[in-house]
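Have a look at the structure below before the remarks.
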Amino acid sequence: MISLEQKIELLQLIFDTYGTPEALAEHLDLAVEMLFYVEEDTFSRDELQEVATAIRGVVRVLRAG
């Protein structure tokens, strides 16, 4: 479970670096798009799908908050 200190640190990072959770979500959406253009044999399909799933989960939380 994430501690209160970790939550505060994450929020501070988001606001200091991106300004808003929505701005970070936009960057993460772009990262997901970039995954579609990774050269073959760089990562396995499963690895790419796991990363995309993790990013989409974070995006969903950022947009809901």
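Remark: side-chain polar atoms of Thr17 are paired, donor with acceptor, to backbone N or O of Leu13 under 3.5 angstrom. Looking only at distances, a side-chain donor or acceptor of Gln6 sits under 3.5 Å from a matching main-chain atom of Ser3.
Between Ala25 and Val59, the closest heavy-atom pair is O-CG2, 3.8 Å. Annotation for Ile55 and Val32: closest pair CG2-CG2, 3.4 Å, computed over non-hydrogen atoms.
Rounding to the nearest 0.5 angstrom, the gap separating the CG atom in Leu62 from the OG1 atom in Thr20 is 9.0 Å. From Asp29, atom CG reaches atom CZ of Arg56 across 7.5 Å, with rounding to the nearest 0.5 Å. To the nearest 0.5 Å, atoms CD1 (Ile14) and CG (Leu24) are separated by 5.5 Å. To the nearest 0.5 Å, atom CE of residue Met34 and atom CG of residue Leu48 are 14.0 Å apart.
In the displayed structure, Glu22 atom CD is contacted under 6.0 Å by more than 12 heavy atoms of other residues, nucleotides or ligands. Other residues, nucleotides and ligands place more than 12 heavy atoms under 6.0 Å from the CZ atom of Phe15.
In terms of hydrophobic clustering, with Ile, Leu, Val, Met, Phe, Trp and Tyr side chains grouped at heavy-atom distances under 4.5 Å, Phe43 and Leu30 are assigned to different clusters.
A 4.5 Å side-chain heavy-atom check between Glu40 and Arg45 finds every atom pair outside the cut-off.
A side chain to side chain contact (heavy atoms under 4.5 Å, CB included) with Ile8 is found for exactly one of Leu10, Leu11, Leu4, namely Leu4.
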